[in-house]
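Presented below is the structure to which this report refers.
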Amino acid sequence: NSLDNWIFSWLWNLTELNLDSNNIDSIESWSFSGLSNLEYLNLDGNNLSILENWYFNWLWRLIYLYLQSNEISSIESWSFSWLWNLTELDLGYNNISSIESWDFSWLRNLRTLYLNSNEITTIESWDFDYLNSLISLGLDDNNIESLESWAFIWLNNLQILSLLDNGMKNIESGSFIWLDNLWYLYLASNSIKSVESWDFVWLDNLQTLHLYDNWIENIESGSFIWLDSLNDLNLNRNRLCVCNLPVSIVNLIDTINWWT
């Protein structure tokens, strides 16, 4: 089913449009013409497979766009080119396997991006390089087995980063470098085996770090030395023996909320 041209053309005052679960598989280039005041668009639960360049033409006042639970595997480079004011984008539960830097290059005001439950395997340092306003990034339930150094270097305003349930085995030193404003980091339900001394370097403002449900057997001395603001550390259901932890780690028990 396709959204025909001009279908909403007389609805100038419309601010919210819900098209959830309608079996829509394509959108014509003038489908949203006339909706110059639209701020909220919900297309969850449809059958879109490619976000083509003209899909969101004319929606320059749009703030919230929901595309969860479609079949999206590809995003064309001009798909979001009209969405200058978009602040929240949900692309969860689709078939996206890779991210290109130009996918989100128009979204300079985006603050929340959900990419949960896709098929993403790697994060490159330039994937999010235009998203300087981003506050919250959700990457749960993908296939990201490792994080490269500098993976999120351009996201200097990011406060919440979630990477739950990815099968992640290791963190490269410097993966979280320059995330000076990060408050919450969720790395639970992965396959991480060890925490090394440079894994969380420069996270001066981090308050919450969740590493539960991993395979962690070893934590190097100094691993958390950079985390001056940390008050919630969750290491439940790992393979740690407190008797093998460095003294510097054991001493944290008295200063933060510690879960093992």
Side-chain angles (χ1 to χ4, degrees), residues 1-12 14-134 136-139 142 154-155:
N1 295 333
S2 176
L3 280 184
D4 292 337
N5 286 323
W6 312 103
I7 191 170
F8 305 113
S9 59
W10 303 106
L11 303 178
W12 299 306
L14 195 71
T15 58
E16 296 188 17
L17 177 58
N18 196 330
L19 294 166
D20 175 24
S21 303
N22 274 290
N23 296 316
I24 298 167
D25 57 21
S26 65
I27 299 170
E28 300 296 332
S29 58
W30 294 80
S31 294
F32 297 124
S33 177
L35 299 180
S36 56
N37 288 302
L38 196 71
E39 296 179 353
Y40 174 100
L41 176 59
N42 188 339
L43 285 160
D44 287 350
N46 284 288
N47 299 320
L48 299 170
S49 59
I50 300 174
L51 295 185
E52 300 197 35
N53 287 328
W54 57 82
Y55 274 8
F56 307 112
N57 285 3
W58 320 110
L59 301 180
W60 64 275
R61 291 197 179 180
L62 198 68
I63 297 173
Y64 305 101
L65 176 58
Y66 299 102
L67 292 160
Q68 188 181 113
S69 300
N70 278 270
E71 299 172 4
I72 299 165
S73 59
S74 177
I75 301 171
E76 294 190 354
S77 57
W78 290 71
S79 298
F80 302 127
S81 60
W82 281 78
L83 306 184
W84 313 313
N85 292 302
L86 197 72
T87 63
E88 184 165 325
L89 174 60
D90 191 344
L91 286 162
Y93 296 90
N94 280 289
N95 301 318
I96 299 167
S97 59
S98 63
I99 301 169
E100 303 293 344
S101 62
W102 54 80
D103 290 346
F104 308 116
S105 62
W106 305 98
L107 306 179
R108 302 301 176 93
N109 291 304
L110 194 69
R111 295 171 63 86
T112 302
L113 175 59
Y114 297 113
L115 288 162
N116 301 331
S117 299
N118 277 281
E119 299 173 5
I120 299 166
T121 57
T122 59
I123 301 294
E124 305 284 351
S125 61
W126 52 81
D127 288 345
F128 303 115
D129 61 353
Y130 294 99
L131 299 182
N132 303 113
S133 298
L134 200 68
S136 179
L137 175 59
L139 288 162
N142 278 279
W154 304 108
L155 302 180

Only pairs under 3.5 Å count here: list side-chain donor-acceptor contacts from residues 121-133, not counting sequence neighbours, and write none if there are none.
from : atom 1 : to   : atom 2 : distance (Å)
D127 : OD2    : E124 : N      : 2.7
N132 : ND2    : W154 : O      : 3.4
S133 : OG     : R108 : O      : 2.9

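Judged as a side chain to side chain contact (heavy atoms under 4.5 Å, CB included), and not counting sequence neighbours, the contacts of S73 are N95. The side chain to side chain donor-acceptor pair (under 3.5 Å) check on N53 picks up E76, with sequence neighbours excluded. Partners of D25 by side chain to side chain contact (heavy atoms under 4.5 Å, CB included), not counting sequence neighbours, listed by chain and number: N47. Not counting sequence neighbours, the partners of S2 by the side chain to side chain donor-acceptor pair (under 3.5 Å) test are S26, E28. S79 meets the side chain to side chain donor-acceptor pair (under 3.5 Å) test with no other residue; sequence neighbours excluded. With sequence neighbours excluded, the residues satisfying side chain to side chain contact (heavy atoms under 4.5 Å, CB included) with D20 are N18, N42, D44. The side chain to side chain donor-acceptor pair (under 3.5 Å) search around N37 returns R61, not counting sequence neighbours. Applying the side chain to side chain contact (heavy atoms under 4.5 Å, CB included) rule to L14 yields the partners L11, L17, L35, L38; only residues at least two apart in sequence or on another chain are considered.
Counting only residues at least two apart or in different chains, ring pair (Phe, Tyr, Trp, His ring centres under 6.0 Å) contacts with residues 90-113 comprise W78-W106. Under the ring pair (Phe, Tyr, Trp, His ring centres under 6.0 Å) criterion, the residue pairs touching residues 35-54 are Y40-Y66, with sequence neighbours excluded.
The closest donor-acceptor contact from the side chain of N118 to the backbone of L91 lies under 3.5 Å.
The aromatic rings of F32 and F56 sit parallel to each other, their planes meeting at less than 30°, with 60° as the upper class boundary.
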